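Everything numeric in this text was worked out from a predicted model, so none of it was measured.
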Amino acid sequence: AIADTLTGKIDAIFHEIEPAGVSELLRAHIRVTGKSLLAIAIDSPARAKRDSKETRSAERALAKRGYHPFWTPQLPSSQSEWMENGERLFKTLGAEFPDVKLIETYPTAVSDRIHGDEIYFDLSLFHGREMRKHYLDFIDAMLAADTARLEIFKKTEYLGLDDEIGPIVL
């Protein structure tokens, strides 16, 4: 999802898993709207595995708050395939958009952070049966887009500033 920086309105939403496809959709949005990207929040760690034996401090901070994060493993496993895709997404977007701030977020915790904040979107973004299959993914995407927008204004919270992969931003 893409949120307008000033209004918070969701300008676009799409369902794409492949990093190159995400990059192309973002470039197309920039071409069509003339707007630039300032920050992107991704629901995945920037690396699919950690180097240290200890779990990530950002994920421990989430767990202390009662969340059940998917722990970033030391060694890749079949259950970390989505993290490997997330790592590819961070690398692809970092190369394609070097001036855009990339952050990791955790939409479940973001949804609990929202108190009176409003996210606006046109229902037409969900037009068609195919789009409706992905409602939950779209809600997470909108929460991530709003987190990226709030990051620009420094209205976010960082968990795990000392994390080896980087903090999780709420």
Side-chain angles (χ1 to χ4, degrees), residues 1-49 58 69-70 72 76 80-111 113-114 117-160 163-170:
I2 302 171
D4 183 277
T5 304
L6 297 176
T7 67
K9 181 180 178 199
I10 300 298
D11 280 344
I13 197 159
F14 50 85
H15 191 265
E16 176 61 56
I17 295 173
E18 292 302 318
V22 172
S23 180
E24 177 53 38
L25 287 164
L26 292 172
R27 282 194 311 270
H29 181 75
I30 292 167
R31 277 193 309 273
V32 169
T33 65
K35 296 178 180 178
S36 61
L37 299 174
L38 301 175
I40 299 172
I42 300 171
D43 181 14
S44 174
R47 289 199 336 248
K49 66 180 190 80
F70 292 100
T72 304
S80 64
E81 287 177 11
W82 69 271
M83 287 185 192
E84 292 170 18
N85 193 57
E87 180 175 342
R88 286 191 303 276
L89 182 60
F90 267 96
K91 287 179 181 176
T92 298
L93 296 181
E96 292 278 338
F97 306 101
D99 297 329
V100 175
K101 184 170 188 174
L102 301 179
I103 57 174
E104 176 184 356
T105 192
Y106 190 78
T108 302
V110 169
S111 69
R113 169 190 54 81
I114 296 173
D117 294 347
E118 296 182 6
I119 299 173
Y120 300 97
F121 61 92
D122 292 326
L123 285 175
S124 63
L125 292 174
F126 296 118
H127 178 73
R129 187 174 293 170
E130 185 63 31
M131 294 294 279
R132 289 192 296 273
K133 284 196 246 180
H134 306 290
Y135 277 164
L136 294 177
D137 290 336
F138 290 151
I139 290 169
D140 282 353
M142 286 189 280
L143 291 166
D146 194 54
T147 301
R149 182 183 72 83
L150 292 173
E151 173 64 16
I152 295 163
F153 298 108
K154 302 193 182 323
K155 293 184 176 181
T156 53
E157 176 184 3
Y158 284 67
L159 302 181
D163 192 285
E164 69 176 88
I165 295 176
I168 293 174
V169 183
L170 308 179

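- Distance OG/Ser44 to CD/Glu84: 10.0 Å, rounded to 0.5 Å.
- No donor-acceptor pair under 3.5 Å is formed between the side chain of Thr92 and the backbone N or O of Leu89.
- Side-chain atoms of Ile103 and Ile40, non-hydrogen and from C-beta on, never get closer than 4.5 Å to each other.
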Working for side-chain contact (heavy atoms from CB on, under 4.5 Å), residues Lys101 and Leu38: CA-CA 6 Å; Lys101 184 170 188 174; Leu38 301 175; over 6 Å; no
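- To the nearest 0.5 Å, atom CD1 of residue Ile152 and atom OG1 of residue Thr5 are 4.0 Å apart.
- Taking CG of Leu170 as the start and OH of Tyr158 as the end, the distance is 10.5 Å to the nearest 0.5 Å.
- Checked for salt-bridge contact, Asp11 and Lys35 meet the test: a charged N lies under 4.0 Å from a carboxylate O.
- Side-chain atoms of Ser23 do not come within 3.5 Å of backbone N or O of Leu93 as any donor-acceptor pair.
- Across Ala58 and Gly166, no two heavy atoms sit closer than the pair CB-O, 4.2 Å.
- Interatomic distance, Leu26 CG to Ile2 CD1, rounded to the nearest 0.5 Å: 5.0 Å.
- Minimum heavy-atom separation, Thr72 to Ile165: CG2-CD1, 3.9 Å.
- Under a 3.5 Å cut-off, the side chain of Thr147 and the backbone N or O of Leu143 do form a donor-acceptor pair.
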Derivation of the side-chain contact (heavy atoms from CB on, under 4.5 Å) call for Arg27 and Phe97: CA-CA 9 Å; Arg27 282 194 311 270; Phe97 306 101; 3.7 Å; yes
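- Here the shortest heavy-atom pairing between Phe70 and Trp82 reads CB-CZ2, 3.6 Å.
- One distance of note links OG1 of Thr156 with CD1 of Ile168; it measures 13.0 Å at 0.5 Å rounding.
- Taking CD of Glu96 as the reference point, atom CG of Leu37 lies at 11.0 Å (rounded to 0.5 Å).
- The backbone N or O of Glu18 lies less than 3.5 Å from a partner atom in the side chain of Glu16, making a donor-acceptor pair.
- In terms of heavy atoms, Ala46 sits closest to Glu87 at O-CG, 3.2 Å.
- Between Glu157 and Arg113 there is no salt bridge, since none of the side-chain N atoms of the basic residue sits less than 4.0 Å from a carboxylate O of the acidic one.
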Stepwise side-chain contact (heavy atoms from CB on, under 4.5 Å) check, Glu104 with Ile42: CA-CA 5 Å; Glu104 176 184 356; Ile42 300 171; 6.0 Å; no
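- Heavy atoms only, all atoms of each residue included: Ala41 and Ala148 are closest at N-CB, 3.7 Å.
- Salt bridge Glu164/Arg47: present, at least one basic N to carboxylate O contact under 4.0 Å.
- Side-chain atoms of Asp146 do not come within 3.5 Å of backbone N or O of Ala3 as any donor-acceptor pair.
- Closest approach of Ala95 to Pro98, counting heavy atoms only: O-CD, 3.7 Å.
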